[in-house]
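Side chains are part of it too, since the values below use all heavy atoms of this structure and drop only hydrogens, waters and symmetry mates.
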Amino acid sequence: SSTMPFSEAEVQSARGAWEKIYVDAEDNGTTVLVRMFTEHPDTKSYFTQFKGMDSAEEMKQSDQVRGHGKKVFTAINDMVQHLDNSEAFLGIVNPLGKKHATQLKIDPKNFRIICDIILQLMEEKFGGDCKASFEKVTNEICTHLNNVYKEAGW
């Protein structure tokens, strides 16, 4: 079936929560990546272009970090727009997961790290309700990405 495990109300509140943070996609996406690279320095090893950057300030100013932060947020935004249609949702998640698993060889635990930092940022900026509205979405994204990885032989 093409329905997702979200009720109409859940879809609406998740989209409302996401819109708040997506308004500043580049800045918030950058904040999320900089936190990930700072709190989990091993994640930097996947990005050859960020390896030499040690300070959070330097990373924040980097066009490459900013560009990738925006890319991450754009991808999640595409998923959020299709929470009520699993075919369309998987049409975004599957190729993304496959690319990260097979070409980029990114450890799938990093998706959970990014999602947790996004939830943390939502809570800081907009409170616990905002975070709670989006938690199920991050679980769904991570579950599907992990499935893609399993199929790719991880």
How many angstroms lie between atom [atom1] of [X] and atom [atom2] of [Y], to the nearest 0.5 angstrom?
| X | Y | atom1 | atom2 | answer |
| --- | --- | --- | --- | --- |
| Met122 | Thr138 | CE | OG1 | 9.0 Å |
| His40 | Ile113 | NE2 | CD1 | 4.5 Å |
| Ser45 | Ile106 | OG | CD1 | 8.0 Å |
| Asn146 | Ile141 | CG | CD1 | 12.0 Å |
| Phe73 | Asp24 | CZ | CG | 9.5 Å |
| Glu8 | Leu83 | CD | CG | 10.0 Å |

> Can a donor-acceptor pair be found between the side chains of Arg15 and Asn77 at a distance below 3.5 Å?
Replying inline: no

Of all residues at least two apart in sequence or in a different chain, which pass the side-chain contact (heavy atoms from CB on, under 4.5 Å) check with [X]?
| X | answer |
| --- | --- |
| Ile92 | Asp78, Met79, His82 |
| Val148 | Asn94, Lys98 |
| Gln61 | Glu57 |

On a heavy-atom basis, which atom in [X] and which in [Y] lie closest, and how many Å separate them?
| X | Y | result |
| --- | --- | --- |
| Cys142 | Cys115 | SG-SG, 3.6 Å |
| Ala152 | Ala101 | CB-CB, 4.1 Å |
| Met53 | Gln49 | CE-O, 3.8 Å |
| Ile21 | Asn28 | O-ND2, 2.9 Å |
| Phe126 | Lys20 | CZ-O, 3.5 Å |
| Thr143 | Asn139 | OG1-O, 2.7 Å |

> Hey, is Asp116 close enough to Lys131 for a salt bridge, meaning N to O under 4.0 Å?
Replying inline: no

> Do Asp42 and Lys109 meet the salt-bridge criterion of a basic N to acidic O distance under 4.0 Å?
Replying inline: yes

>> Has Lys99 got a side-chain atom pairing as donor or acceptor with Leu96's backbone, closer than 3.5 angstrom?
In response: no

> So, does Asp107 use its side chain to make a donor-acceptor pair with the main chain of Asn110 at under 3.5 Å?
Replying inline: no

Hey, are the side chains of [X] and [Y] touching, using non-hydrogen atoms and a 4.5 Å cut-off?
| X | Y | value |
| --- | --- | --- |
| Pro5 | Glu140 | yes |
| Leu145 | Lys150 | no |
| Phe6 | Val137 | yes |
| Phe37 | Met59 | yes |
| Lys44 | Met36 | no |
| Thr31 | Leu121 | yes |
| Leu119 | Phe134 | yes |
| Leu33 | Thr43 | no |

>> Quick check on the 6.0 Å ring-centre criterion: do His100 and Tyr149 meet it?
In response: no

>> List the residues meeting ring-ring contact (aromatic ring centres under 6.0 Å, His included) with Tyr22, not counting sequence neighbours, and say none if there are none.
In response: Trp18

> Of all residues at least two apart in sequence or in a different chain, which pass the ring-ring contact (aromatic ring centres under 6.0 Å, His included) check with Phe89?
Replying inline: His144

> So Ile76 and Ile118, side chain to side chain contact (heavy atoms under 4.5 Å, CB included) or not? Walk me through it.
Replying inline: CA-CA 11 Å; Ile76 294 173; Ile118 289 173; 3.5 Å; yes

>> Are Trp154 and Leu104 connected into the same hydrophobic cluster when the rule is that any two of I, L, V, M, F, W, Y join if their side-chain heavy atoms are below 4.5 Å apart?
In response: yes

> Is the count of non-hydrogen atoms from other residues, nucleotides or ligands lying under 6.0 Å from Lys70 atom NZ greater than 12?
Replying inline: no

>> Applying side-chain hydrogen bond (donor to acceptor under 3.5 Å, both in side chains), can you list everything that pairs with Arg66, at least two apart in sequence or on another chain?
In response: Glu26, Asp27

